[in-house]
Structures are given as structure tokens and as C-alpha cells.
A.B. asks: 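Before anything else, here's the structure in question.
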Amino acid sequence: MKRFLIFPCVLCTVLGLLVGILLPVDLWEDAPVHNGPTDNFTPPPGTSQNPVNSSSAARSTTADPLEPTDNFSLLSSACAVNRCLQQRSWATLSAYVHPDRGVTFTPYSTVDPENDLNFSADQIKELGQDFNVYTWGIEDGRGDPIKMTFKEYFERYVYNRDYTQAVEIGIDRVMTGGNALENLSEAYPGCRFVDFSFPSADPVNDGLDWSSLKLVFEPSEAHWYLVGIVHGEWTI
């Protein structure tokens, strides 16, 4: 499988011209947010598709067969999920979550299938009202359990920055890494991912303040299903 890297200059030039045709969700301009999943995505049966923008046209219930090697459909789904996360649109996000596997949250770059928490689509739909405290993993450098509500975890280990403004985007490529084991491909065989990355927030920090949001998808016959949300940052 070929790996692709999208740099900001290419992103602005190419996607700026084609996004209206190829990508239903525009992360780089103040375009209207479309109503739920992309045109390539049909929500699973019984899944509520709450509108993010009530003026958006109704979606078709049919979908063309998915081509797993199609980078534009993968990037389109990743951008739509990114927007859902930015807007905390949990009901819409739940339509992208794999109906059987759910979605797994990883606080640092190394995926730990035995301990990383997994949520079903129905659970994702109710996250706005979930005030339970979960143990998400072990805090880097301290060794203490990461005990947080979902809201606290989301603000710290998912959307700590606005990843719709990511400086670099990689398709099946880790854009920024440190000394943590990058085992995403091994942990999610048969899946593909998009990495939204900020290499550094401030040059004086010499890259030690980098962070990333990796969205992992499993292809089905007609759509990309979200199966993993992996946070990356500098670790000791």
C-alpha cells in the first residue's frame, strides 16, 4: 500500500480547488458543515443521523461500492470526523463508528489493545451526558492512572488543539513521532489512518510540544468506519 503525505502548500492549493467537488467537509474555509456523514457513507441501520446544519440537503440511503485504495474518500471521511470532534457532534460522530468493533481511544502513540478503552456507537452518541470517571491508561512521566471523565479526557488527549487547522496531514503515514512505539499499523491490520499533526506550537520548544490526532478507519463494502482515535505527543 502506497503511503501519502500532504503538506500545507499542497493542501491549500489542491484541496482549495477540489474540495467543493471531492470533499464534502471543508476544514480550511468557513463553508457550511454538511448534514452528517459524507456522500460515500450510509449510516448503519437504526443509527440516528442528527443534523449539524439543518439547511443541508437530505442524504441518499444508497452508496456506491467503496474502493479501499481511494485516498480521497478516506480523507473525506477523516475530515468529516475531525469536524464532528471539533463541534462535539456526538450523534453525528456515532454514525461513523464501526457498528461491531466500536472505536478505541489511545492517549499516547502506542496502541494497547488490552487496556485502551473502547466505546460502541450508542455510547458515543451519549458522550455529552456521560459524567462517569474512567481509567484511560497511564500518564507519561508520572506513572499515575489517567482517571478522567470523557469530557476531561477529550480536552486533554483527543482535541487538545483544533486539528481542523493541522499544519500537516499524512495518509497512512505518521507525520511526527518521538520515542514512543508507533504500532498503529500492527494494532489495526487491514485498516488505514489519517494523521492530523502539529509538529510544534512554538519554535523555542524545539519540537517538544508537538501533538497529533490519528483517525483509524476500517473499510467496508460501502463506507469507512471509524475504529480508532489515537492521540500523539512528546513523551519522556
Side-chain angles (χ1 to χ4, degrees), residues 1-8 11 15 23 25 27-28 38 68-86 88 93 96-98 101-119 124 136-138 140 146 150 153-201 207-219 223-235:
M1 181 185 297
K2 293 184 179 180
R3 295 173 180 270
F4 292 82
L5 163 64
I6 300 176
F7 287 104
L11 191 65
L15 290 184
L23 298 183
V25 176
L27 297 183
W28 303 276
T38 69
T69 61
D70 180 10
N71 291 304
F72 279 105
S73 67
L74 172 63
L75 182 59
S76 176
S77 293
C79 288
V81 168
N82 193 341
R83 178 73 82 179
C84 288
L85 293 171
Q86 182 205 44
R88 281 66 168 170
L93 177 65
Y96 288 93
V97 174
H98 196 288
R101 294 182 59 170
V103 58
T104 299
F105 290 82
T106 302
Y108 298 105
S109 297
T110 305
V111 180
D112 184 355
E114 297 297 323
N115 296 299
D116 290 345
L117 296 188
N118 179 275
F119 291 80
I124 292 295
W136 302 85
I138 301 299
D140 177 68
I146 302 173
F150 176 79
Y153 178 85
F154 182 85
E155 299 294 338
R156 172 62 181 86
Y157 290 104
V158 177
Y159 228 74
N160 59 311
R161 301 189 66 178
D162 183 359
Y163 287 100
T164 66
Q165 304 300 315
V167 177
E168 297 178 353
I169 301 176
I171 299 178
D172 294 325
R173 177 170 178 175
V174 175
M175 299 307 303
T176 310
N179 57 3
L181 174 66
E182 296 283 356
N183 66 337
L184 190 150
S185 297
E186 292 77 16
Y188 291 99
C191 298
R192 302 187 65 190
F193 69 92
V194 176
D195 184 359
F196 297 90
S197 176
F198 287 98
S200 180
L208 299 183
D209 56 351
W210 70 270
S211 66
S212 67
L213 172 68
K214 303 182 189 75
L215 302 176
V216 189
F217 295 86
E218 178 180 301
H223 15 265
W224 292 101
Y225 277 120
L226 181 69
V227 295
I229 297 179
V230 181
H231 169 78
E233 65 178 34
W234 182 85
T235 53

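Owing to the predicted nature of the structure, the values given are computational and were not obtained by experimental measurement.
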A.B. asks: Which word best sums up how the rings of F154 and Y159 line up, parallel for under 30°, tilted for 30 to 60°, or perpendicular for over 60°?
C.D. replies: parallel
A.B. asks: So, taking the atom named CD1 in I169 and the one named CG in L75, what distance separates them when rounded to the nearest 0.5 Å?
C.D. replies: 6.0 Å
A.B. asks: Supply the atom-to-atom distance C79 SG to L74 CG, rounded to the nearest 0.5 angstrom.
C.D. replies: 9.5 Å
A.B. asks: Could you pull out the closest heavy-atom pair between M175 and G170, with the gap in Å?
C.D. replies: SD-CA, 3.4 Å
A.B. asks: Y163 and S197: side-chain donor and acceptor closer than 3.5 Å?
C.D. replies: no
A.B. asks: Roughly how far, to the nearest 0.5 Å, is CZ of F198 from OG of S212?
C.D. replies: 10.5 Å
A.B. asks: Within this structure, what is the OH-CG distance for the pair Y96 and L85, rounded to the nearest 0.5 Å?
C.D. replies: 11.0 Å
A.B. asks: Between R192 and I171 (side chain of the first, backbone of the second, donor and acceptor by atom type, cut-off under 3.5 Å), is there such a pair?
C.D. replies: no
A.B. asks: Is there a salt bridge (charged side-chain N to carboxylate O under 4.0 Å, His left out) between E168 and R173? Walk through the geometry before answering.
C.D. replies: CA-CA 11 Å; E168 297 178 353; R173 177 170 178 175; over 6 Å; no
A.B. asks: Under a plain distance cut-off of 3.5 Å, with no hydrogens placed, do N118 and R101 share a side-chain donor-acceptor pair?
C.D. replies: no
A.B. asks: Fit a plane to each ring of H223 and Y225, take the angle between them on a 0 to 90° scale, and name the class: parallel (under 30°), tilted (30 to 60°) or perpendicular (over 60°).
C.D. replies: perpendicular
A.B. asks: Just by distance, no angles: are the side chains of D116 and T106 close enough, under 3.5 Å, to form a donor-acceptor pair?
C.D. replies: yes
A.B. asks: Look up atom CD in E233 and atom CG in D209, then write down how far apart they are to the nearest 0.5 Å.
C.D. replies: 10.5 Å
A.B. asks: Can you tell me how the ring of Y157 sits relative to the ring of Y108, calling it parallel under 30°, perpendicular over 60° and tilted otherwise?
C.D. replies: perpendicular
A.B. asks: Return the minimal non-hydrogen interatomic distance between V103 and V97, and the atom names on each side.
C.D. replies: N-CG1, 3.8 Å
A.B. asks: Can you measure from CZ (F119) to CD1 (I229) and round to the nearest 0.5 angstrom?
C.D. replies: 10.0 Å
A.B. asks: Taking the basic N atoms (NZ, or NE/NH1/NH2) and the acidic carboxylate oxygens, is any pair closer than 4.0 Å for E155 and R161?
C.D. replies: no
